[in-house]
Protein chains: 2
Amino acid sequence: MLALLQDEPKYGYQLRGEFEAATGATWPLNIGQVYTTLTRLERDGLVRAASSEGDGRSMYEITDAGRTELANWFQTPVARESRPRDELAIKLALALAVPGVDVSAVVQRQRMSTMQSLQELTRQKRNSAEGEISWQLVIESMIFGAEAEIRWLDHCEAMLLRHRGKPRPAPQTYDVPADQEARS
Amino acid sequence: MLALLQDEPKYGYQLRGEFEAATGATWPLNIGQVYTTLTRLERDGLVRAASSEGDGRSMYEITDAGRTELANWFQTPVARESRPRDELAIKLALALAVPGVDVSAVVQRQRMSTMQSLQELTRQKRNSAEGEISWQLVIESMIFGAEAEIRWLDHCEAMLLRHRGKPRPAPQTYDVPADQEARS
DNA sequence: CGACACATGTAACACGTTACATGATTTG
DNA sequence: CAAATCATGTAACGTGTTACATGTGTCG
């Protein structure tokens, strides 16, 4: 939001439109949230209701604090620790950690699904117009991610084969503190 | 949680311990959340307070509904659409979409940061013991992801150079509906 | 004894998601 | 005119995060 407001005051619908124009509707943005977010940004002093005429629409403009925040965001790299937990990695790790799960099947189903996504993404990339560079980069980001995921899944299968037959490695149970066994 | 409860009833602290044993403390799990999550799972009928003795601890066991849910989770691949928005992709897309941002600098800073993470991950992988296969896979998942990110960043820089000097492509502004210009 | 890990919770908060309400304007 | 789009909100809900409270057990 702050990035989009950097040049000129804008209003809710416009913000959603420009966000989706920039990211190619890859991550649809609920219009309701735009307004709640604008309210919260205003609460935090990062935007304010624009003084200039808005032709009947509620325009918002970025504040100095908002510009600082924005510059900070662009300057600070996205840290790996700050990213959300990777559901797929967790799923595979748990499939390995608990008995009775056909890990191979999980890997293969995921592989099929990801391959299909990759195909769809490639199709989208082909159909993308020349001018929409930012959208192309977003699509390519997802393509690179999907490719890495497939490589990782292949790597997982190789690991599985190498460890085939070996006893479930180091039961991975949490050591129950001994003396608490006989607690009240 | 459901996956860890599959074999036998367990208690809060134990669940956190085993989760972190399986994922290698890559994503630290707040103990408070374990309890709130257990409460919510119980609310939804996926776990219940275990009937067996727990030596003074509150044990939980999975229910039939929980087993169904769990089997479903393992059977269903993680869809690309269901993943959280990629902050880095959004940042780069917006850096391109709005004027006055040094995109190159953003890319280069991110590249440095990601390279450093990659080094750290590689170090962790070397230091990981033999038996901890699920943790190794998690680390490798992050390594594959970081490598893909670097490749993508390189690709972005190449794109930037190719488009150097060209006018900012297709201003990407949301078309303001014409007749609304003169609204009350 | 004092510090620390174990163990179980609760409250407050932030944020994203969905659904709903309301009205103006455009378009077939 | 009717339907769709534009436009601005609000309410309810789910979940993750942080901080706090409380008590037991272990260990130097």
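In what follows, every chain begins at residue 1, and chains take the letters A, B, ... in the order their sequences are listed.
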Measure [atom1]/[X] against [atom2]/[N] and give the value in whole Å, please.
X     : N      : atom1 : atom2 : result
B:Y13 : D:dG25 : OH    : C1'   : 12 Å
A:E18 : D:dA7  : CD    : P     : 12 Å
B:Q14 : C:dA5  : CD    : C1'   : 16 Å
B:L15 : C:dA7  : CG    : P     : 12 Å
B:L38 : C:dT8  : CG    : C1'   : 11 Å
A:Y35 : D:dA11 : OH    : C1'   : 17 Å
B:I31 : D:dA21 : CD1   : P     : 19 Å
A:E42 : D:dT10 : CD    : C1'   : 16 Å

With sequence neighbours excluded, give me every salt bridge (charged side-chain N to carboxylate O under 4.0 Å, His left out) pair touching residues 94-116 of chain B.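 Residue pairs with at least one partner in residues 94-116 of chain B: B:R111-B:D154.
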C:dA7 phosphate, OP1 or OP2: any side-chain N/O from B:S58 under 4.0 angstrom?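 B:S58 to C:dA7 OP1/OP2: no side-chain N or O under 4.0 Å.
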With a 4.0 Å cutoff (strictly under), does any side-chain N or O of B:Y11 reach OP1 or OP2 of C:dA7?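 Result: yes.
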Can you list everything that forms a side-chain hydrogen bond (donor to acceptor under 3.5 Å, both in side chains) with A:R83? Sequence neighbours excluded, please.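 Once residues adjacent in sequence are excluded, the partners of A:R83 under the side-chain hydrogen bond (donor to acceptor under 3.5 Å, both in side chains) criterion are B:E149.
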Please name all residues satisfying side-chain hydrogen bond (donor to acceptor under 3.5 Å, both in side chains) with B:E120, sequence neighbours left out, ordered by chain then number.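 Once residues adjacent in sequence are excluded, the partners of B:E120 under the side-chain hydrogen bond (donor to acceptor under 3.5 Å, both in side chains) criterion are B:R123.
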Say whether B:M142 and B:M115 are linked into one hydrophobic cluster, either directly or through other cluster members, by side-chain heavy-atom distances under 4.5 angstrom.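 Yes: a chain of side-chain contacts under 4.5 Å links B:M142 to B:M115.
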Interface with DNA chain D, restricted to residues 73-82 of chain A and to heavy atoms under 4.0 Å: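 None - not one residue of the stretch has a heavy atom sitting under 4.0 Å from the strand.
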Exercise answer: donor-acceptor pairs, residues 31-42 of chain A side-chain atoms, under 3.5 Å, sequence neighbours excluded:
unit_1: A:T36; atom_1: OG1; unit_2: A:Q33; atom_2: O; d: 2.9
unit_1: A:T37; atom_1: OG1; unit_2: A:Q33; atom_2: O; d: 2.7
unit_1: A:T39; atom_1: OG1; unit_2: A:Y35; atom_2: O; d: 2.8

Taking the six-membered ring of B:F19 (Phe, Tyr or Trp), confirm whether the NZ or CZ of B:R16 is under 6.0 Å from its centre and within 45° of its axis.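 Not satisfied by the 6.0 Å and 45° rule.
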Tell me whether B:E20 contacts the main-chain N or O of B:L29 through its side chain, where contact means a donor paired with an acceptor under 3.5 Å.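 Checked: pair present.
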N/O donor-acceptor pair under 3.5 Å between A:S134 side chain and A:A22 backbone: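 Looks like yes, one N/O pair under 3.5 Å.
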Side chains of B:T114 and B:Q110 only: does a donor on one sit below 3.5 Å from an acceptor on the other?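 The answer is yes; a qualifying pair exists.
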Mind listing the N/O atom pairs, protein and nucleotides 13-17 of chain D, below 3.5 Å?
unit_1: D:dT15; atom_1: OP2; unit_2: B:R43; atom_2: NH2; d: 3.0
unit_1: D:dG16; atom_1: OP2; unit_2: B:Q33; atom_2: NE2; d: 2.8
unit_1: D:dG16; atom_1: O5'; unit_2: B:Q33; atom_2: NE2; d: 3.1
unit_1: D:dT17; atom_1: OP2; unit_2: B:Q33; atom_2: OE1; d: 3.1

